[in-house]
Structures are given as C-alpha cells and as structure tokens.
Amino acid sequence: VPETTLSALCERLRGAGQEVRLDGPDERVVGVNTLDDALPGELTFLSNPKYASSLGRTRASAILVRDGVEVPSRLSAVRCADPYAALTHAIVAIHGYRNHPTWGLHPGATVHPSAAVGEGTNIGPGAFVAADAVIGRGCSLYPGVYVGECVRLGDGCVLHPNVVVYEGCVLGSRVTVHAGSVIGQDGLGYAPVGGKWVKIPQVGCVVIGDDVEIGANCAVDRATLGRTEIGEGTKFGNVIVIGHGSRIGPDCMFVGLVGVAGSVTVGRHVTLAGQVGVAGHLTISDDVQVGAQSGISTDVPPGTRVLGSPAIPVEAARRTMMAMPKLPGALRRIKELEQQVAELRAMIEQHASTGR
Amino acid sequence: VPETTLSALCERLRGAGQEVRLDGPDERVVGVNTLDDALPGELTFLSNPKYASSLGRTRASAILVRDGVEVPSRLSAVRCADPYAALTHAIVAIHGYRNHPTWGLHPGATVHPSAAVGEGTNIGPGAFVAADAVIGRGCSLYPGVYVGECVRLGDGCVLHPNVVVYEGCVLGSRVTVHAGSVIGQDGLGYAPVGGKWVKIPQVGCVVIGDDVEIGANCAVDRATLGRTEIGEGTKFGNVIVIGHGSRIGPDCMFVGLVGVAGSVTVGRHVTLAGQVGVAGHLTISDDVQVGAQSGISTDVPPGTRVLGSPAIPVEAARRTMMAMPKLPGALRRIKELEQQVAELRAMIEQHASTGR
Amino acid sequence: VPETTLSALCERLRGAGQEVRLDGPDERVVGVNTLDDALPGELTFLSNPKYASSLGRTRASAILVRDGVEVPSRLSAVRCADPYAALTHAIVAIHGYRNHPTWGLHPGATVHPSAAVGEGTNIGPGAFVAADAVIGRGCSLYPGVYVGECVRLGDGCVLHPNVVVYEGCVLGSRVTVHAGSVIGQDGLGYAPVGGKWVKIPQVGCVVIGDDVEIGANCAVDRATLGRTEIGEGTKFGNVIVIGHGSRIGPDCMFVGLVGVAGSVTVGRHVTLAGQVGVAGHLTISDDVQVGAQSGISTDVPPGTRVLGSPAIPVEAARRTMMAMPKLPGALRRIKELEQQVAELRAMIEQHASTGR
C-alpha cells in the first residue's frame, strides 16, 4: 500500500518551490481523492470554490487548501497558494504513475526476426512487430498492438492495447498512445477522374516527438509525401483526427473529438478545445487558444483567442452569441421602424402640402 | 430457421397489453423486414406515414399497421395502435437476440491464473485477462478484448472484439460494449508548468452500471481521483467521448459523436443527440433533451429541451436559426432606415426653418 | 529502390492524355516529395500557388509545374496543365501502392474450418475468421482483424489491423478498411418503455460496394432490418459514423468525424466535409456538397452546395456568417433608430401643433 505523511508531503512541496503550512496534526495518508469520494485516511483537496459546499461532508482525514479557507476542524489542512499544483505532487507521492506489466517478449507476441527490440522492453501476447522495426529500451507494447515495417520507437514508449502504427512511422522517446489509436493510416488522397476517385499512394509517414501523449481512438494520417508531425510534449485527448501532411507544434493540447484537415500548420503551445475543426492548408500560430466547437477557416495570428464557426476573436464571438437570440425580435423592430418611418414621411409630406 | 405465425404473434402482443386484430389469413412468417426489403414469407411494418408510398410494392406476406390504414389485399394485416412497439415483439419472437459463440476458455486466450472467471463465460482467442480480474457468469469476451488488472465484470456482460477495459474499472451485469470501445484510459490530466504539460497520474477508475450498452469506438476516461460513472440502463451510440470524473445518470441516451468534458454531472433519462458537446464542471438535470450539434456551456434545468451552440431553449433556438439568414438583409434595411431618418430630420428641420 | 526517369514519366503522362514538356536535362528520380522535404534525386511539384515561395529553397532535382511558372534553373521542369493530376502518376510510377505481407494462412490466425478462404489471401497472426465466412481471393487480413459468422468478402479486400466486421455483413471486391474501423455493430435501436430503453434486436446487416475505402476508427451500424449500404467507389476519412439502415450512394466522399443518423439516403457523388452531421430519415440527392461542420436537417436537392447548422445554400450561409459579428452593433443601431424616430415624431407633432 502506497502512503506518505503530511509532513513528508509538505517537505516535497517546499522542495518544488511552494510555500506550504500544515494546520493540524501530522497524519499518514494512503490515498488522494475528491471531497465526495475520499475515505478516512485519505487526502482531499479544494481548488475550485464551486465545490466548497462539499467541505462539510467529506470523510477525508486531510485537505490541500488555500490559506484563509475555513475547513472542518477534524481535517488536517495543508495550506498552500496553489492546491491544484500541490495535488499533482501529492498524487505522485502517494500513488505514483502506472506500472506496466513485465512480460519480456511474451511467447504469444509475434516479433519479426529482423526487428530490433531494446533492453527492458515488454511485448504482450497478441502484439505484432513487423520486419525491420526498431523499438527502443524500456517500452511497453500491450496485447493487440500492431507495429508495422520499419517503424521506429524511441525509449520508454507505451502503446496501450490495440494501438496500430503503420509502416515507416517514427515515434520519439516516452511517447504514450492510448488504446485503439491509429498512427499512419492513409489519408483522403484521391484524384477526381471522371466522377470517380483515383487513389494517390500515400507514401509519406508520421513523425511524433518525445513526450507526446495521445488519447484513445485517435487517428493520425500519414502524409501523402514527406511527413505528418506531432511536436514534442504535445497532448491529445480522445478521438483526435489529424489529416495528412499536417504539422502540429510542440506543447499543444487538443481536447477531444478535434478534427484537423490536411496540410495544416499549428504552432507551439496551441490549445484546441473539444470538437474544434480546422480546414486544410491553414496556419495557426503559437499560443493560440480555440474555444470548443469552433471552426477555423482562416489563418490565426499568434497569441489570439478565438471562438465560433467561423471563429473570430473570443470577445466578439461572445458578444455575437449573446446577441443572436435577440435577432427575431430585432427583425420585428426593424419592420416596425419601417412602418413608422413611412408614417412620419407621410405626415411630413402632408404637413408640407397643407402647410403651404 | 426461426419462424412464428401471425396468430401466435397476436397472442404475444395481447400478452404485452396491446390491442391487436388480424385482418386476413393466418400465415407463417420467417423474418421481419422493411417494406422495400421484405421477401415473401416475411412480415413488414408501417409506422412512419412517410413510407406509406412503399406499401404498394412490398413483397412481404404480412404487415404490422395501424387501424384504418389501407393495405394491399394480398397482405395479412396485424392491426394495432403502436406498430413500432409491436415490431420489437415481432423481431424478438422471430429472430431473437444475437447468439454468442461458445468458446469456453479458448486456448488462444491469455487469462492470468489469478483472474476469476465465472461459470458459462466464453473467452475467445486473442482475448487477454490480466491479474486479479474478476469476471462474472455467462459473459462473452470476443477476440482481441483486453481486460486489465483488477477489473470487475458482472454477469452476462458482452465485450465485442477489440474492446479494452483498463485496470481497476468496474462493469455491472448485462453490460454490452461494442467493438473498439475503450473504457478507462487516462484523461487529459496535466498541470501547466512553465509552458509544458506535467502529467497528473490518473488513479481513479470507471464504474458502469447494469444494463448499459455502449456503441463502437467510444472512449470513457478514468477519473483522476474517484470514479467516472455511467448509470444503469444508459445507452451510448458510436464514438461517444466521456471526460474524467464525469457522472452520467441512469437511462440516458447519447446518440453519436457526443463529447462530454470532465467533471460533468448528467441526470437521469437525458438525451444528447448527435455531435453534442458539453463543457466541463456543468450539471445537466433529469429528463433534459439536447438537440444535435448543440454546445452546452451552462447548467441545464430539469425537463428542458435545448438546442444550439451555445444551447438555449429549443423554441427560441429554432426562431433564432430561422431568423439568421435574414440578417444580411436586416443590415441593409437598418442602413436604409438610417438614411431615411436622416432625410426626414433634414426635411423637418428645413420645413421648420422655411415654415417660420 | 524504386525509380524512373523524367522522360519515362513524360511518356506515361502523355499516355494518360496530358500535354507535357520536359525543360532541362533528363534525370533519374528515386522519390516524390514536397518542396520542403524533397532531397536531391527526388521529384517535387508545385500545384497550389500558395507554396511558390518554397521554390527557391527546394533541394529536389526536378519539379512538376505549370507552363509559365518560373523555377530555379538547377531544376529540370516537367511542365503540364495539371501538376496535381500528374503527381498521382508520378507517385504510382516511382513508389507504387502498398505491398501487403505474404503470411498465407498464418498459424497464429484462427480460421473456422467452415470458413472458405480464396486463393492468394493472407491472414495474419491474431486475425479471427468465424464460421461460414466466405473470403475472396487475394485479400489481406492484418493481425487483430475479426470477421464474424457468415461475413462475405469479395476479392482483393484489405482489412488493416484490428478491423472488426460483425456477423452477416457483405463487402464487395477491392474494399479497403483502415485500422480500428468497425462494420456492423448494433445501432441505437431501443423502444422506450416506462422511462427505460428496451433493446430491439438488430437483425439486418451492412453491405459495402466494390472499391470502397474506409478510414481509421469508423463505425457503420448494421440495419435493424434489411441493410445499411455504402455504394461502390465511396471513400470515407477517419471516424465516420453511419447510423442503422442508412444508404450511402456510390462515389461519395466523407471527410472526417462525419455523423450520419439512421435511415438516411445519400445519393451519388456527394461530398460531406469534416464534422458534418445529418439527421435521421432525410434524403441528400446526387452531387450535393456540404461544407464543414454543417448540420443537415432537411432534404437537400441535387447539385446544391450547402453550409451551416442548419445548412442553407452556401452563398446565403457565407453572407449570414459574415454578417453575424455585426449583429451586436445592429442591435445598438436599432435602438438608436427607435430613439430618433420617437424624437422625429415628437418634432413633427410639436411642429404641427405650433404650426397651426
């Protein structure tokens, strides 16, 4: 059972540069949990004031909380400026990261003799590694994973169950791909000939940088020519679809059900919220933030926050969205104004003629 | 070959509380099919009046139809108040539900010795069950299914091919998950530190209630802490994405390509139509119905029907949507009004000065 | 190493009916690549004028380009009217299409004795073929593929890793399905009974025509009764979701994250751009083009181009979208007009009374 003490946790947080104070007795804590789900012996946290109403009924033994927030006296409080940042440290200290199975090269795996597999890599039953693949050290390939010909994986990669990497794709080190995601399938490359679609061979590949994490059931097209790229440190949620030849910069975050068409360039540290769509051949510059369900149909300059379909700067988009339900009324008011103006014109003209 | 007679079917419908009358000779029927696809010997149905035009050309031998609707005399008619409800009974009577294969514990499956597998459960080749998993009685695990450590499945669960359930998740009884769906992958839990994303271990799980059915290629995040929940009797279409820590109530229906962000609470019997998105930390109350492609960005009170992005009550949304194409014309009319008002003002002022 | 010469490529293009001229020396080319990625010895192309700025720095040895476009003198230029169409020929000539592995019937595959497998078909380890399936000649079933009972596949089909085809579905010849896609899962067929959802057995199937290509992680529902159809030559991108009983015509293209509800009829050569949604029971006629993120909620007549949610003719939709950000200002202008009109009315009335 993993555990730590509140005083040890405080030390750890101070080591990470946070000012922290322990209010109440030191306790051994065996888990971290939400206010509602925590059991005695567990540490909880309050970061979003929205959840303050759950404070009274939590069964936790201790809490991470800002200075000044009142908590029930039965709880030991670890007080700090940023409880959410402290939470990460607490979870790592108590629970740590996932341990992967130690299959070695499981006899139920199919690994081509020409493939090179690094030291300490585990390959589960039903996983498949094709000819000339090169897999680094300390990787985990779960059951049902498919690694195509000439694929290269760096060290410490984790491919969760049923991940598929098509031939020739390249993953850096410490890349994690969650279950069911597909890297390197053919994109929609067809030439229209007489009302039919003639397939263009898709001979490029996908290149994924170090420390990328990709959610479940995503799909990243290989390039028609050259490479589709995902920059280092970028994180994808679930069901992200990336078109052929697009280049996503480093340290981006794409939330879920995002679709990026082909030949798009996305800069560094760009956030695309849920269900965003990006049309082909566009450029989204560094530090852009795109709101949920937006549709990007023009280039987006650096540092801007946009929203809507088509997306415009977020303040303008919010004003427009607030105004939209007033449109039917506005149409009635315009009609009434037109009648009144006609009436006034008639009054003036009549007045002018009778006045003369 | 499955079959029944029209008279037996009528008995069954009466047993289920429907008033029903057979017009025409009793027949043996060997299948149920649509008006266009039915062959002689099959039963068809007319529920949506939109399809009445196909009545004349159907080759079916019998039809489920409302009282008063005229049908070709060659068809025996089973007349009832609700042909669509009767249809379910007819399909069950004639075709029944899917029979699952009887592999037992197939030698091509990999089941950890510490896993407990209930009586009558079938596990196909290439399926994988990890340590300390507990699987109930009468379950079907198709080829390529992955069941992680300490997962618990109730009785009568069906995991179709290539379904993945991550470690520690809990499924109730009679849960059906269609092919390629993933339960319990890590959500987008990262702390921003100096422009980088630092992973927060996702140590919670997913808990799915009894009688849930989940479509193909869905993805349900495990909670960061505690649990992501899907309430009993809830049905998901394909490619539904649920964020970490969200709690979906019982008897909901999510249609397809729906995205729910993290920490969302959804009540009982909520319908989310296709491509709906729900932002994080919101509450959607009981019996809410959300129209297709809507974006939910505020809490939704019980029993309301909403539509649009951002979603508003459906009647207001429809009026707004109808009005929107009139906006360019409205802008022109406003401009013209402004010119006319300026002109009238000039006329009045001139009149006033000349009138004096 | 694949290669060709520029003169041989010119011959090939002439054979395909293109007028073509070689400017500069004949060269051996060993690959086709983008302007930015091409290496010496490779052929590149310029089709979209947007990328002309990359011309100066390309390291390619030769280029496909329109007449009249100036290119650096170190490049041999293959000049033609349609460089993009020529590109397909060049890629096929030099790289060809993907070669599939020659596993034969791999001993790690599970093929039921009652299944019929055609000559020259390769079935990889971990693939599963159920009873009474009929698989044509020259097919490739990659690892992790599941083919259900009584499924029929024509000749030359390619099922990439972890594709699932449920029982009874029928694929024509030369159908390609990319990794993780699912064909024939149950759709959302439930009858509402007392606030619960009662499952209607889904006893129909999916029928896919010749030369269809389906992207990664798609999901095509089986019909409740009868068939869901995908017409010959139709191409799907990634994560396309098709509801039960819908019939998609031939030679369509659906881009990515598209959702089509149940019982929809789509004609021939219809394009649905990214994230489009189509409501149930509608008809989209031949040659329709639907813009990205549109929502189709009424029938669409042949040959029309529509956009928006709800979708309207594209020109009207673009005018509306351009006008929307002007709505908040328009509301202010209406208010001001109302004040001015009231003021004018007062002036007229005062004038009338004082004038008398």
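Throughout, a chain's letter reflects where its sequence line sits, starting with A, and its residues are numbered from 1. Just so you know, these numbers come straight off a predicted model, no measurement behind them.
- With a 4.5 Å cut-off on non-hydrogen atoms, C/Phe254 touches chain A through its backbone but not through its side chain.
- Scanning all heavy atoms of the two residues, the minimum distance from C/Pro83 to C/Leu64 falls at CB-O, 3.9 Å.
- When each of C/Gly237, C/Gly126, C/Gly144 is scored by its heavy-atom pairs under 4.5 Å with chain A, the top score falls to C/Gly237.
- By number of non-hydrogen pairs under 4.5 angstrom with chain C, the leading residue of A/Ala131, A/Gly243, A/Gly148, A/Gly195 is A/Gly195.
- With a threshold of 4.5 angstrom between heavy atoms, C/Tyr51 approaches chain A through side-chain atoms but not through N, CA, C or O.
- The closest side-chain donor-acceptor pair between A/Gln185 and C/Asn238 falls under 3.5 angstrom.
- Using a 4.5 Å cut-off between heavy atoms, C/Ile348 touches chain A through its side chain atoms alone.
- The contact between C/Ala179 and chain A is made by backbone and side chain atoms together, counting heavy-atom distances below 4.5 Å.
- Interface remark: of the candidates C/Glu213, C/Met321, C/His269, C/Glu213 forms the most heavy-atom pairs closer than 4.5 Å to chain A.
- Interface remark: C/Gln275 contributes side-chain atoms only to the contact with chain A (heavy atom separation under 4.5 Å).
- Neither the backbone nor the side chain of A/Ala261 comes within less than 4.5 Å of any heavy atom in chain C.
- The candidate from C/Gly233, C/Pro325, C/Gly274 with the greatest count of non-hydrogen atom pairs under 4.5 Å with chain A is C/Pro325.
- The aromatic rings of C/His178 and C/His160 sit parallel, their planes meeting at an angle under 30°, below the 60° perpendicular limit.
- A perpendicular orientation is assigned to the rings of A/Tyr146 and C/Tyr142, their planes being inclined by more than 60° (bins at 30° and 60°).
- Contact annotation for C/Val341: both backbone and side-chain heavy atoms come within less than 4.5 Å of a heavy atom of chain A.
- With a 4.5 Å cut-off on non-hydrogen atoms, C/Cys218 does not touch chain A at all.
- Residue C/Lys50 touches chain A through its side chain alone, counting heavy-atom pairs closer than 4.5 Å.
- Residue A/Leu344 touches chain C through both its backbone and its side chain, counting heavy-atom pairs closer than 4.5 Å.
- Contact annotation for A/Ser294: only backbone heavy atoms (N, CA, C, O) come within less than 4.5 Å of a heavy atom of chain C.
- Remark: of the listed residues A/Val255, A/Ile296, A/Val260, A/Val260 is the sole one forming a side chain to side chain contact (heavy atoms under 4.5 Å, CB included) with A/Leu272.
- For C/Asn217, the part lying under 4.5 angstrom from a heavy atom of chain A is the side chain only.
- When heavy atoms are compared at a cutoff of 4.5 Å, A/Val258 approaches chain C solely by way of its backbone atoms N, CA, C and O.
- Put simply, of A/Ala127, A/Gly180, A/Pro201, the one with the most heavy-atom pairs under 4.5 Å next to chain C is A/Pro201.
- Annotation: A/Phe128 is in aromatic contact with C/Trp103 [ring centroid separation under 6.0 Å].
- A/Glu336 does not touch chain C: none of its heavy atoms, backbone or side chain, sits under 4.5 Å away.
- The contact between C/Asn162 and chain A is made entirely by side chain atoms (from C-beta outward), counting heavy-atom distances below 4.5 Å.
- The two atoms that bring C/Asp287 and C/Val270 nearest to each other are N-CG2, 4.0 Å, heavy atoms only.
- Among the candidates A/Asp186, A/Asp221, A/Val239, the residue making the largest number of heavy-atom pairs closer than 4.5 Å to chain C is A/Asp186.
- Under the 3.5 Å distance criterion, the side-chain polar atoms of A/Thr283 are left unmatched by any main-chain donor or acceptor of A/Thr265.
- A salt bridge does not link C/Arg268 to C/Asp286: none of the charged side-chain nitrogens sits closer than 4.0 Å to a carboxylate oxygen.
- Put simply, the residue from A/Ile230, A/Leu159, A/Ile208, A/Val164 that forms a side chain to side chain contact (heavy atoms under 4.5 Å, CB included) with A/Ile183 is A/Ile208.
- The two atoms that bring A/Gly291 and A/Leu307 nearest to each other are CA-CD1, 3.7 Å, heavy atoms only.
- Top candidate by heavy-atom pairs under 4.5 Å with chain A, chosen from C/Pro161, C/Gly256, C/Gly215, is C/Pro161.
- The backbone N or O of C/Thr58 lies less than 3.5 Å from no partner atom in the side chain of C/Thr44, so there is not a single donor-acceptor pair.
- When only modelled atom types and interatomic distance are considered, A/Ser309 and C/Gln293 share a side-chain donor-acceptor pair under 3.5 Å.
- Here A/Arg222 pairs with A/Glu167 in a salt bridge; the nearest charged N to carboxylate O distance falls below 4.0 Å.
- Salt-bridge check for C/Lys235 with C/Asp211: failed, with every basic side-chain N at 4.0 Å or more from each acidic carboxylate O.
- Only the side chain of C/Pro125 comes within less than 4.5 Å of a heavy atom of chain A; its backbone N, CA, C and O stay farther away.
- Interface remark: C/Leu257 contributes side-chain atoms only to the contact with chain A (heavy atom separation under 4.5 Å).
- If you tally non-hydrogen atom pairs under 4.5 Å between each of A/Gly295, A/Ala191, A/Gly204, A/Gly108 and chain C, the highest count goes to A/Gly295.
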